Amino acid sequence: MHVLRPSFAALVAAEEELGPLFALVERAAGGGLRLGELAALFWHCLRERPAGLTREAVGEAVVAQGLAAVTPALRMLLGQIVRGR
């Protein structure tokens with residue numbers, strides 16, 4: 001189990017890679033968030049990255065669990081981004 005925390009540093013890093021956060025939230029709300037974007041957001045927002053954990057492994061875990069299983073975590077994370085903690 002990993003904890004996702006949208007810290008300032010994490011969100012700045014995500015925004016540098018993925019573009020404006022509001023646009024990301026809008027894409028997600030419209031069903032247009034891509035798998036790579038989802039994995040990147042999760043990667044940047046991981047509170048702690050265990051030694052050996054790679055970004056590719058995060059993406060593979062998302063695929064292995066399926067979009068339906070990771071959607072609640074995505075929803076919660078996006079809600080924290082929009083409303084704050």
Side-chain angles (χ1 to χ4, degrees):
M1 179 184 275
H2 300 287
V3 176
L4 299 173
R5 174 84 26 121
S7 68
F8 176 75
L11 295 178
V12 168
E15 193 169 51
E16 285 178 8
E17 178 179 345
L18 302 170
L21 294 175
F22 281 111
L24 181 79
V25 170
E26 287 177 351
R27 283 195 305 279
L33 190 65
R34 291 181 259 177
L35 181 60
E37 292 175 316
L38 183 132
L41 183 62
F42 282 3
W43 173 255
H44 288 296
C45 290
L46 278 172
R47 186 173 68 185
E48 295 177 13
R49 292 186 193 145
L53 181 66
T54 65
R55 185 170 171 162
E56 183 176 328
V58 171
E60 289 296 332
V62 168
V63 170
Q65 290 186 8
L67 292 178
V70 300
T71 296
L74 176 63
R75 240 186 245 136
M76 182 175 293
L77 184 59
L78 292 174
Q80 289 176 338
I81 291 169
V82 172
R83 291 186 304 271
R85 292 184 247 176

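Start at 1 with the first residue, then count along the sequence. Remember, it's a predicted structure, so these values are computed and weren't measured experimentally.
- The hydrophobic clustering, which links ILVMFWY residues whose side-chain heavy atoms are closer than 4.5 Å, places Met76 and Leu24 apart.
- Side-chain heavy atoms closer than 4.5 Å link hydrophobic residues (I, L, V, M, F, W, Y) into clusters, and following such links, even through other members, never connects Leu77 to Phe22.
- Here the straight-line distance linking atom CZ of Arg27 with atom CG of Leu38 works out to 11.5 Å at 0.5 Å rounding.
- Taken to the nearest 0.5 Å, the CG atom of Leu74 stands 9.5 Å off from the CG atom of Leu4.
- A 6.0 Å sphere centred on CZ of Arg34 holds no more than 12 heavy atoms belonging to other residues, nucleotides or ligands.
- Between Leu33 and Leu41, the closest side-chain pair of non-hydrogen atoms is not below 4.5 Å.
- Shown here are the side-chain contact (heavy atoms from CB on, under 4.5 Å) partners of Ala57, two or more places apart in sequence or in another chain: Leu53, Thr54.
- Using a 4.5 Å cut-off on side-chain heavy atoms (C-beta onward), Cys45 and Leu11 make contact.
- Every pair passing salt bridge (Lys or Arg N to Asp or Glu O under 4.0 Å) that includes a residue from residues 1-20 is listed here, sequence neighbours excluded: Glu17-Arg55.
- Here the closest heavy-atom approach between residue His44 and residue Ala13 is recorded as ND1-CB, 3.5 Å.
- Val82 places none of its side-chain heavy atoms less than 4.5 Å from the side chain of Leu21.
- Linking ILVMFWY side-chain heavy atoms closer than 4.5 Å, directly or via other members, places Phe42 and Val12 in two distinct hydrophobic clusters.
- Nearest heavy atoms, Leu18 versus Ala40: CD2-CB, 3.9 Å.
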